[in-house]
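In the text below, chain A, chain B and the rest are named by the order of the sequence lines, each starting its count at 1.
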Amino acid sequence: DQQVKQNSPSLSVQEGRISILNCDYTNSMFDYFLWYKKYPAEGPTFLISISSIKDKNEDGRFTVFLNKSAKHLSLHIVPSQPGDSAVYFCAASESGTYKYIFGTGTRLKVLA
Amino acid sequence: GAVVSQHPSWVICKSGTSVKIECRSLDFQATTMFWYRQFPKQSLMLMATSNEGSKATYEQGVEKDKFLINHASLTLSTLTVTSAHPEDSSFYICSASFPGGNQPQHFGDGTRLSIL
């Protein structure tokens with residue numbers, strides 16, 4: 001039972017354009033969501049998070065949008081840069097559990 | 001800079017060997033650390049929650065006698081894969097959060113374990 005899903009295994013975007021990565025979840029008890037970036041043979045690097053009391057959080061080129069009614073979140077990267085090429089994982093958790101459920105990842109390739 | 005350090009980064013050993021992986025929080029105290037496992041092209045799966053001074057909490061399906069966790073101090077948790085077999089070959093990653101509230105977990109760089 002995959003509670004967090006990233007339906008696009010890969011995405012290619014031209015440098016300078018917007019990258020949109022999507023994530024869907026099924027558990028309505030999730031109230032904290034995160035995006036991580038991962039390079040091969042390295043651990044994930046935290047990018048941005050959002051609590052369910054918000055619908056948007058922005059940090060520089062990264063913006064996360066949360067649609068609770070649709071149980072959907074997305075990460076927007078603008079402008080995209082070649083260094084953004086990596087695998088992006090979304091994760092969800094319930095407050096107080098500290099347990100993260102990760103999606104399967106989306107491989108982003110930003111073309112120069 | 002890195003806030004969680006994991007060692008070793010790569011281990012190759014013979015079947016039947018026990019392997020210890022260390023996870024350290026740098027410059028902060030982590031009462032709780034987490035151990036994940038990732039198979040190729042799959043998601044990170046939580047194996048266990050490591051609690052300082054008490055027993056680890058294992059996820060369903062994870063053998064606690066196979067994957068021994070010790071969290072002896074506020075900055076160090078260890079995972080020992082006992083009598084490792086080829087099916088234990090995987091990428092093991094630990095994480096820790098800064099204390100308080102909804103703090104994101106920060107991950108180590110992982111350990112690639114290959115059992116021959």
Heavy-atom pairs under 4.5 Å with chain B - which of A:Y32, A:Y36, A:F46, A:Y39 has more of them than the others? A:Y32
Decide, yes or no, whether a salt bridge links A:D84 with A:R61 under the criterion of side-chain N to carboxylate O below 4.0 Å. yes
Basic-acidic side-chain contact under 4.0 Å: B:R24, B:E22: yes
Tell me, for B:Q38 versus chain A, whether the close heavy atoms (under 4.5 Å) come from the side chain, the backbone, both or neither. side chain
Looking at B:M45, B:Q6, B:E59, B:R112, which one has more heavy-atom pairs under 4.5 Å with chain A than the rest? B:E59
Are A:S93 and A:I101 packed together at the side-chain level, in the sense that at least one heavy-atom pair is separated by less than 4.5 angstrom? no
Can you check whether B:F91 and B:F39 have ring centres sitting under 6.0 Å from each other? no
What option among B:S97, B:G110, B:S95, B:S43 has the most heavy-atom pairs under 4.5 Å with chain A? B:S43
Could you tell me whether a side-chain N or O of B:S25 sits under 3.5 Å from a main-chain N or O of B:V4, the two making a donor and an acceptor? no
Flag the one option from A:G105, A:G103, A:P44, A:S51 with the top tally of heavy-atom pairs under 4.5 Å to chain B. A:P44
Bottom line for B:L46: the part with an atom under 4.5 Å from chain A's heavy atoms is side chain
